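Here the structure is a predicted model, which is why all the values come from computation and not from measurement.
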Amino acid sequence: MRYLVRDKLLALGDDYWIEDEHGRHAFLVDGKALRLRDTLELKDPSGYVLITLRQKLLGLRGAMTIERDGSPLATVRRKRLSLLRNHYRVTLAEGTELDVSGKILDREFAVEYGGELLAHISRRWLRVRETYGVDVVREDADAALLIAVAVCVIRMAEKERAQE
């Protein structure tokens, strides 16, 4: 399943829809402004909060946490020992890890588990400016989690670039 994300709307406090490949609203990203921590909620079309993303505003190259139903689901961090700047590690609550690598700021990267592709994020498929696609490759994958991972690493990479 492929999802479309409108890139220019990623500012804190903005709300935007992520559409499925048929143009239907699949997820609402709700930015929570005026909080001590950068917070986003990923909601289903009826408004139910599926996932909450949080990052401390004052953290240098910190981590973002992904929560489901108030419990930690995953932590996203830039890989420290990587020579590639655009390499992130997602540690799931049960201890397994996902690798995110590619050109994050260009919106050309992949999410993998044990070398198996779970999702591919790309602008190549789209003609609309300021939009990228999240192609969830495996049918049994958690689409909400993979979209949350994509949003997290893009926000983190953009904050790193702004601090340079």
Side-chain angles (χ1 to χ4, degrees), residues 1-59 62-78 88-94 96-98 100 102 104-105 107-113 117-123 125-126 128-160 162:
M1 178 65 89
R2 187 171 293 163
Y3 299 91
L4 304 177
V5 182
R6 308 250 183 258
D7 214 13
K8 66 181 182 176
L9 300 176
L10 288 178
L12 182 65
D14 284 345
D15 299 344
Y16 58 95
W17 283 101
I18 296 173
E19 300 171 353
D20 67 15
E21 59 194 10
H22 305 292
R24 295 180 301 232
H25 290 165
F27 302 100
L28 174 67
V29 177
D30 184 2
K32 300 296 181 185
L34 303 174
R35 293 199 177 181
L36 293 177
R37 300 190 316 171
D38 187 356
T39 303
L40 297 169
E41 292 177 340
L42 186 65
K43 299 178 178 181
D44 70 10
S46 68
Y48 178 77
V49 177
L50 301 169
I51 290 182
T52 303
L53 314 172
R54 299 182 197 277
Q55 181 179 30
K56 291 183 180 179
L57 289 175
L58 300 175
M64 285 192 83
T65 59
I66 300 173
E67 300 171 3
R68 180 175 279 151
D69 298 325
S71 299
L73 180 61
T75 302
V76 181
R77 288 188 174 88
R78 189 168 67 82
Y88 291 78
R89 175 172 287 143
V90 181
T91 305
L92 302 176
E94 74 269 3
T96 58
E97 293 182 343
L98 306 179
V100 181
I104 307 294
L105 294 174
R107 310 312 190 253
E108 295 293 336
F109 59 97
V111 181
E112 297 179 338
Y113 171 69
L117 182 65
L118 297 179
H120 183 234
I121 291 75
S122 180
R123 282 190 170 150
W125 311 306
L126 306 168
V128 180
R129 291 186 65 206
E130 307 297 337
T131 301
Y132 64 91
V134 177
D135 189 12
V136 178
V137 177
R138 287 189 47 162
E139 289 184 24
D140 63 341
D142 184 341
L145 173 61
L146 293 172
I147 290 169
V149 166
V151 170
C152 279
V153 298
I154 289 168
R155 287 182 81 82
M156 291 173 74
E158 287 178 343
K159 285 183 183 220
E160 280 183 30

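Taking each heavy atom of Asp20 and Ala26 in turn, the nearest pair found is N-CB, 4.0 Å. Taking all atoms of both residues into account, the shortest heavy-atom contact from Met156 to Arg77 is CE-CA, 4.1 Å. Looking at every heavy atom in both residues, Ala148 comes nearest to Ile51 through CB-CG2, 4.0 Å. Closest of all the heavy-atom pairs between Gly102 and Phe109 is CA-CB, 3.8 Å. Leu117 approaches Arg138 most closely through the heavy-atom pair O-CG, 4.1 Å. Summarising the geometry of Ile104 relative to Ile154, their closest heavy-atom pair is CG2-CA, 3.8 Å, with the distance given to 0.1 Å.
Looking at Leu53 and Arg155, their side chains never come closer than 4.5 Å, going by heavy atoms from C-beta outward. The shortest side-chain heavy-atom distance between Glu19 and Arg24 does not fall under the 4.5 Å cut-off. Looking only at side-chain heavy atoms (C-beta outward), Val149 and Leu145 come within less than 4.5 Å of each other. Inter-residue side-chain proximity for Val76 and Val153 is flagged as met; some heavy-atom pair is nearer than 4.5 Å. Looking at Pro72 and Thr65, their side chains never come closer than 4.5 Å, going by heavy atoms from C-beta outward.
In this structure, Leu50 CG and Ile66 CD1 are separated by 12.5 Å, a value rounded to the nearest 0.5 Å. Going from atom OG1 of Thr131 over to atom CZ of Arg123 covers 8.0 Å, rounded to the nearest 0.5 Å. Separation of atoms CG (Leu146) and CG (Leu118) is listed at 5.5 Å; rounding is to 0.5 Å. One distance of note links OH of Tyr48 with CG of Leu28; it measures 15.0 Å at 0.5 Å rounding. Here the CD atom belonging to Glu112 is positioned 10.0 Å from the NE2 atom belonging to His120, to the nearest 0.5 angstrom. Here the NZ-CH2 distance, from Lys43 to Trp17, works out to 9.5 Å after rounding to the nearest 0.5 Å.
Residue Glu139 places its CD atom among 12 or fewer non-hydrogen atoms of other residues, nucleotides or ligands, all under 6.0 Å distant.
Between the side chains of Asp69 and Ser71, not a single donor N or O lies within less than 3.5 Å of an accepting N or O.
Using a distance-only test at 3.5 Å, with no hydrogens or angles considered, no donor-acceptor pair links the side chain of Glu158 to the main chain of Leu105. Between the side chain of Asp135 and the main chain of Val137, no donor-acceptor pair closer than 3.5 Å is present.
The side chain to side chain contact (heavy atoms under 4.5 Å, CB included) test with Val49 singles out one residue from Arg68, Glu67, Glu41, and that residue is Glu41.
Ring orientation note: the planes of Tyr3 and Phe27 are tilted relative to one another, at an angle of 30° to 60°.
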